[in-house]
Number of protein chains: 2
Amino acid sequence: MKEGPDIAQIGSLIGDPARANMLTALMGGRALTATELAAAAGVTLQTASAHLSKLEAGGLLAQRKQGRHRYFALADDRVGKLLEGIMGFAASRGHLRHRPGPKEPALRKARICYDHLAGDYGVRMLDSLIETGSISVMGEGLSLTARGEKHLGSIGIDVSGLRSNRRPLCRSCLDWSERRAHLAGSLGKALLSNFFDKGWARRTENSRSIFFTPEGERRFLALFPLEPGDGHPQSGLDENL
Amino acid sequence: MKEGPDIAQIGSLIGDPARANMLTALMGGRALTATELAAAAGVTLQTASAHLSKLEAGGLLAQRKQGRHRYFALADDRVGKLLEGIMGFAASRGHLRHRPGPKEPALRKARICYDHLAGDYGVRMLDSLIETGSISVMGEGLSLTARGEKHLGSIGIDVSGLRSNRRPLCRSCLDWSERRAHLAGSLGKALLSNFFDKGWARRTENSRSIFFTPEGERRFLALFPLEPGDGHPQSGLDENL
DNA sequence: TTCATACTTCGATCGTAACCGAAGCATCTC
DNA sequence: GAGATGCTTCGGTTACGATCGAAGTATGAA
């Protein structure tokens with residue numbers, strides 16, 4: 001039969017638990033050293049080294065040498081999208097890896113998805129942007145309105161600068177915990193960076209979850225209000241789970 | 001670390017060559033028996049049976065008993081989308097499973113992707129629909145215009161009937177061979193069925209490729225004309241590889 | 001009932017890949 | 001230079017899962 005691309009190869013790359021743990025850790029968006037990834041995967045350094053070689057040879061990872069450290073990161077955002085897609089599918093089938101632990105709620109509330117905000121807060125942000133007319137929904141796609149450009153400009157997002165980027169401005173990304181869409185693309189990245197810069201939120205160690213300060217949380221919720229009782233303004237974006 | 005859904009489990013399901021062959025064969029859209037799938041995977045019936053049990057337990061396959069046959073199919077179109085996504089990724093990394101063989105050109109020209117048309121012809125069809133104003137592109141999404149509804153109605157597609165369906169009407173699907181988008185969704189399915197019903201094209205045995213009759217090919221190309229020299233009318237849809 | 005077909009289950013084999021200890025190489029610090 | 005840290009390579013063990021032969025079950029045909 002031998003038809004089409006070899007899905008078995010990348011399946012087996014993702015299929016090993018140690019490698020899957022590494023990839024999941026790297027979904028946090030920042031580059032990690034081999035030692036950190038070994039800890040994340042729960043294996044020794046030698047084993048991790050072998051896994052990392054395979055992942056790199058398979059085109060999933062990129063590495064950058066820096067002094068005596070070797071930093072690994074996802075090769076590009078297509079890898080992130082692929083992984084989030086598989087996560088969404090796995091979540092929909094109930095293949096959760098764990099009994100819900102103490103870190104689970106934080107992860108569902110706000111986490112990083114490659115480079116943008118996901119989880120309850122991520123979904124809320126997109127919902128609010130749509131509800132207030134900053135982003136319009138067209139079929140499966142999203143586009144920033146003139147009103148939205150002004151709105152985001154007022155909080156310090158340089159939209160025209162982002163437009164010159166090759167990467168799409170708005171993109172929807174299916175959230176595995178909420179099973180609805182959140183905002184990806186260069187705008188999604190810029191918004192999350194903005195929150196970090198302002199000190200509203202920060203990354204947490206060893207986890208994809210994002211910690212909001214009380215003040216940051218207050219400001220975030222005020223900036224992205226939601227009409228009470230109207231939980232699902234995203235027409236056509238949440239049907240695919 | 002143990003965060004999020006278990007991507008390793010579904011990765012390992014897809015990661016075995018025999019199972020990957022089975023899934024690829026089932027991307028053809030029709031249900032196959034265990035014996036047929038064993039042949040497709042190149043393993044004995046006992047081995048195939050074990051694989052099919054795992055795939056079903058993992059939620060990738062659904063089975064239907066019919067007499068003494070047991071038919072297997074992809075569980076739903078989300079599985080198809082997941083697989084096509086992985087195929088697209090694998091193709092972009094050059095993980096082709098084979099040296100290009102004799103069946104390869106036919107597969108690139110026209111093939112079935114779960115239930116709709118893919119390959120060169122699939123991409124052409126969407127390009128033409130966009131160029132003639134039947135479908136409009138909005139960000140990453142697609143929507144059928146009033147003009148398009150009339151146009152397709154004239155060839156026997158009942159668009160209003162499709163709209164009542166829960167499944168989205170238009171959806172773009174990334175084509176692994178062309179690396180551009182083709183039309184999925186209920187409309188994509190309806191169009192391919194229409195071609196089959198009219199006798200323009202038919203499925204081929206043991207392959208995902210679609211055979212067009214000379215007459216059908218002529219009609220198809222006439223129905224979906226393309227401005228010469230304008231190869232890439234899809235703005236924003238082909239950037240993601 | 002008898003036979004054939006379609007498939008599953010059992011049991012055993014076998015190959016591969018994950019794994020780690022130990023040693024080796026590279027880079028930084030002092 | 002000496003020592004420490006970060007990582008890779010080598011070699012050998014081990015465990016898991018893919019595989020198939022043989023036997024067992026279910027459905028249909030004669």
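Each chain gets a letter, A, B and so on, in the order the sequences are listed, and its residues count up from 1. Remember, predicted model here, so these are calculated numbers, not experimental data.
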Requested in this report: Please check if any side-chain donor atom of A/Glu215 sits under 3.5 Å from a side-chain acceptor atom of A/Thr213, or the reverse.
Outcome: no
Report task. Verify the distance criterion only: is there a donor paired with an acceptor across the side chains of B/Ser92 and A/Arg78 at less than 3.5 Å? Result -> yes
Query raised in the report: Which letter, B, S or -, goes with each nucleotide of nucleotides 12-24 of chain C from 5' to 3', with contact meaning a protein heavy atom under 4.0 Å?
Result: ------SSBBB--
Report summary line: Counting primed atoms, P, OP1 and OP2 as sugar-phosphate and everything else as base, the B/S/- map of nucleotides 25-30 of chain C against protein heavy atoms under 4.0 Å is --BB--
Query raised in the report: How close or far is atom C1' of C/dC7 from atom CG of B/Leu37, stated in whole angstroms?
Result: 13 Å
Report task. Check A/Ala18 against A/Val43 and note the closest heavy-atom contact, atom names and distance. Result -> CB-CG1, 4.2 Å
Query - Axis-to-axis angle between the two ends of the helix from C/dT1-D/dA30 to C/dC30-D/dG1 (five base pairs per end, rounded to 10 degrees) - result: 20°
Query raised in the report: By ring pair (Phe, Tyr, Trp, His ring centres under 6.0 Å), which residues pair with A/His116, not counting sequence neighbours?
Result: A/His182
Report summary line: A/Phe72 meets the ring pair (Phe, Tyr, Trp, His ring centres under 6.0 Å) criterion, sequence neighbours left out, with none
Looking at [Y] and [X], is there a salt bridge between them, counting it only when a charged N and a carboxylate O are closer than 4.0 Å?
| X | Y | answer |
| --- | --- | --- |
| B/Glu217 | B/Lys109 | yes |
| A/Asp76 | B/Arg93 | yes |
| A/Glu84 | A/Arg208 | yes |

Report summary line: Value for CZ (B/Arg171) from CG (B/Asp77), rounded to nearest 0.5 Å, stands at 6.5 Å
Report task. Look up atom CG in B/Leu45 and atom CG in B/Leu37, then write down how far apart they are to the nearest 0.5 Å. Result -> 10.0 Å
Query - chain A footprint on DNA chain D, 5' to 3' - any atom under 4.0 Å from a heavy atom - result: D/dA4 to D/dT9
Requested in this report: Anything under 30° is parallel, anything over 60° is perpendicular, the rest tilted; go ahead and classify A/Tyr121 against A/Phe220.
Outcome: parallel
Query raised in the report: Which of these, B/Leu61, B/Asp115, B/Leu82, B/Leu60, sits in a side-chain contact (heavy atoms from CB on, under 4.5 Å) with B/Leu74?
Result: B/Leu61
Query raised in the report: How would you label the contact of A/Ser53 with the nucleic acid (heavy atoms, under 4.0 Å): base, sugar-phosphate, or nothing?
Result: nothing
**Report entry** Quiz item: cation-pi between B/Arg202 and B/Phe211, 6.0 Å / 45°
**Finding:** no
